[in-house]
Structures are given as C-alpha cells and as structure tokens.
Amino acid sequence: MILTSDEQTMLKGREGVAKQKAMELLVKYGEALGAERMVNTNNVFGGVVAPIPFVRKFAAKVKDIDSIFSEFNLDSGNRVTIPQVKVFTCSFLNSLDPDHWQMMGANESTYKLQMRMEKFCRRIGINLTNTCAPYLVGNVPVKGEHCAWLESSAVVYCNSVLGARTNTEGWESTGAAMLVGKIPYWGYHIDENRLGTHLVNVDINLNSVMDWNLLGYYIGELVQEQVPVFKGVRSIPNLNELKSFGAALASSGGTEMYHIVGITPEAHNINEAFGNKKPVTTLYFGKSEREKAYNNLNSAKDQNVDFVTLGCPHYSIEEVWEVCKLLKGKYVSTNTNLWIFMSRPIKALADRNGYTEIITNAGGYIMTDTCPVYSQLYPKGTKVVATDSAKQAHYTPAVMGFETWYGSLDDCIQAAISGEWRGELK
Ligand code: F3S
C-alpha cells in the first residue's frame, strides 16, 4: 500500500505502540484485499469485542480490558495500553441489558465484565450508544462521508439510504480505525463498486414495514452480495421501512448496498444507479414472490407463542409509539413474554412520553443495549417465538432452534395478548 507520511509515522511507532499495532493490522488487511491506500475516517461504529464465551475465558486470565482489546481488537499477542480514540466512535450492542441481566438469565461474571468494558470505553472515548441503529441516536453521516462501521443492517443503511461509504468492518478493523482514523480504501468506498448490478422490477404496492421486509428477504437471497436496483416503487418509504428492508436484504443475502430509483441518493434515475453498465439480470417481485417470502419466514407449527420479540433492528421512537397504540389498556398473556429492544436514548424518550409505563403496565418489558439473537439469551423455557422482523425470523431458528412466526406488528401484539399466533398474509 502507498502510505502518507502521517500513516508511516504511526506505522513506525512514533505515536505509540497501540497506534503502531493498529496500522500494522490495517495495512495487512488492506493488502490482503488489494487496497492501494488508506482513506481518512472520522466516523467509526464498533467497540470492544463482545463478552462472548471465548472472550470471557480469556478475560478470566488477564487483569484488564486493555489486554482484551490488544488480543481481540488489535490482534496483538502482547498487551498494549490503549490510548484515547483519535476519531468519533460509537459502540455496537452489548451482550446483555444491564437493568435486566438476571431476567435474561445472564450470569453475574458476564454482567461484571460488561460493566468493566463500558468503563474502559468511557476512558478511551468510545460513545456508549450500544445499539445496532446508530443513525437513530445522532450518528448520521452525510453523503460521501467515509466511515468504518460494522453490523450488516447498519452498513446497508449507511451506504444506501445515507449515501455515506463503508464496508462491513469487524471488531479488529474498527478497533484499529478508531485509534488512527484510517481504513483501507476498497469496496464501497470506491465509486464504481457502488453501481447497481441487478435490476428488480417491483410490481406491487409496498404499504408497510412488513411489505418492505418481504421484498428485502426475497431479493437478498437472489442477489447475495451484489447491488440490486429497485424500479417501480410507487410510494416513498419511511425510515422504519428502510431500516427493516436493509436488515432483511442483508440477512437472506449479504447485501451491503442497494438503490431505489427516484428515492435513494445515488439513484436519481436508472442511468445513475447503473453508471455505464448493463444489469447482469432482471428480477421480478410481485404477489406470488411476496407470498413465497412470507412462507419461507414462517417455519413454525405450534401456535402457542412463548416469546414475542420486537425491535430488530433496534426500534425508533415512532415504532415504540405504534406499539403503545396497540397495547394500551391490554395485558400480555401469562403464557407469553413481550420484550421490546431499543437503545437507551430511545428508552429515555419512551420514559418521558409515558410509553414505558404503558408497556410495563401491560406486562411487557423495554430492553436496551442488546438483542436476543446477539445475546442468545431468551426467557426461560422459550420454544416458540414471534417477531415482526425478517432478520430476527431468519436467525432465530438457525441460531437457537426455536420455532418462529413472522408477521406484522399487529400480529405480534395480538400474539402477545392472546398467547397464540393468528397472523396471516393479508
Ligand atoms: Fe440489531 Fe440484533 Fe437485529 S443486532 S439488527 S436487533 S439481530
């Protein structure tokens, strides 16, 4: 890679060992991918590696979080003291809700490790957003801004809806990027890689989060890691629809970027979306494709629902408001648990607006900082799950082996109240 003088200075260790390790890691990563240079970034979304089992085992043998960061974020066999981050950095999810860790069935040592990790983040300047949707809590990069983000649903939103630029980074590359403000210039940082590959003719009205989930889930599986361009969309989607749409695309496929002609910022028209290229193929989405996606997401047989999980990706305040309109004055079945996931700033708004009271009075819980697929912590005895998220419905049976129902928010709230799944495709 061709390095600038400030990059060479850090690589030679003149700004300390941690930055040297970070540059070594980024150069190795960039060279493996054929990147010719680095690009500056002032927006990192990452954090200290999550306290998953092998990290917990390692943590028991070392004295501080600097050792964990050195090993897992910087790939350094030797402990280095981690300095303040150089650029604006927000944290991804944690493995438990610090206010409900016992109810989630987490053990005390994991809780304590997470709290030590949070203290470490505060010390080095990582902003504790603890969410998978940083764009809901103030981290909204502008069009063309180079970022270093992890988490597939956030990455696809960043590239496609905001027009900012990131690849799907990992704990290691974000750990290094936050210390030096650099990331290899490849993939979606480069103009030509952002152009469309597949044309998708949408021949159906898209009226809800569920419709957008089904479109994303169906097309993601077909295009995998390519760049679909959606044509024929007759209404303008809102933030919640696009949040779920990208998460669905990135679950059944590995989509990191898409265009919607006339709506997303790099697709004012079809020529702009494809550049001078022709689509490699043309796909179609209509009534029967929508039905197929719905059926693929509904793998459950048992209609008795133990657990309703909402907030994947983490809910916006508008979505919490929608829940409250359906739940106010009702009660969650004694056979069912209702957990609704969001970030702490959104919960603070929910508290202030009286939404938390409505949800807790009904017997539901607002959960923060984590999600069930990531934490792999579910209410005790869970066998059958219901969700309004295609992403959650995709991963829950695969990761946990639970029967899973997928449907609208209304279907999910009715399931929480009755304890039974009665959802259907309307
Ligand atoms: Fe976020 Fe967890 Fe869904 S990380 S996108 S809530 S699977």
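FYI, side chains are in, hydrogens and waters are out, and symmetry mates aren't considered; it's all heavy atoms of this structure. In listed order, ligands and their atoms are each counted from 1.
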Colleague: May I ask whether Gly311 places a heavy atom under 4.0 Å from ligand 1?
Modeller: yes
Colleague: Only counting residues at least two apart or in another chain, list the ones meeting side chain to side chain donor-acceptor pair (under 3.5 Å) with Thr336.
Modeller: none
Colleague: Answer yes or no: is there a donor N or O on one side and an acceptor on the other, between the side chain of Ser252 and the main chain of Tyr217, under 3.5 Å?
Modeller: yes
Colleague: Output yes when a side-chain donor or acceptor of Thr382 lies under 3.5 Å from a complementary backbone atom of Tyr378, and no otherwise.
Modeller: no
Colleague: What side-chain donor-acceptor pairs closer than 3.5 Å can you find for residues 91-106, not counting sequence neighbours?
Modeller:
unit_1, atom_1, unit_2, atom_2, d
Ser91, OG, Asn127, O, 3.4
Ser91, OG, Thr129, N, 3.2
Ser91, OG, Asn130, N, 3.0
Ser91, OG, Asn130, OD1, 2.6
Asn94, ND2, Glu118, OE2, 3.4
Ser95, OG, Gln114, OE1, 3.3
Asp97, OD1, Asp99, N, 2.8
Asp97, OD2, His100, ND1, 2.9
Asp97, OD2, Thr368, N, 3.1

Colleague: Tally of protein N/O/S atoms under 2.8 Å from atom 1 (Fe) of ligand 1?
Modeller: 1
Colleague: Applying ring-ring contact (aromatic ring centres under 6.0 Å, His included), name anything that partners Phe88, two or more places apart in sequence or on another chain.
Modeller: none
Colleague: Within ligand 1, which atoms have a heavy atom of Gln392 less than 4.0 Å away?
Modeller: 3 (Fe), 7 (S)
Colleague: Would you mind reporting whether Tyr355 and Lys347 have side-chain heavy atoms less than 4.5 Å apart?
Modeller: no
Colleague: Okay, side chain of Thr264, backbone of Ala267: is any donor-acceptor separation there less than 3.5 Å?
Modeller: no
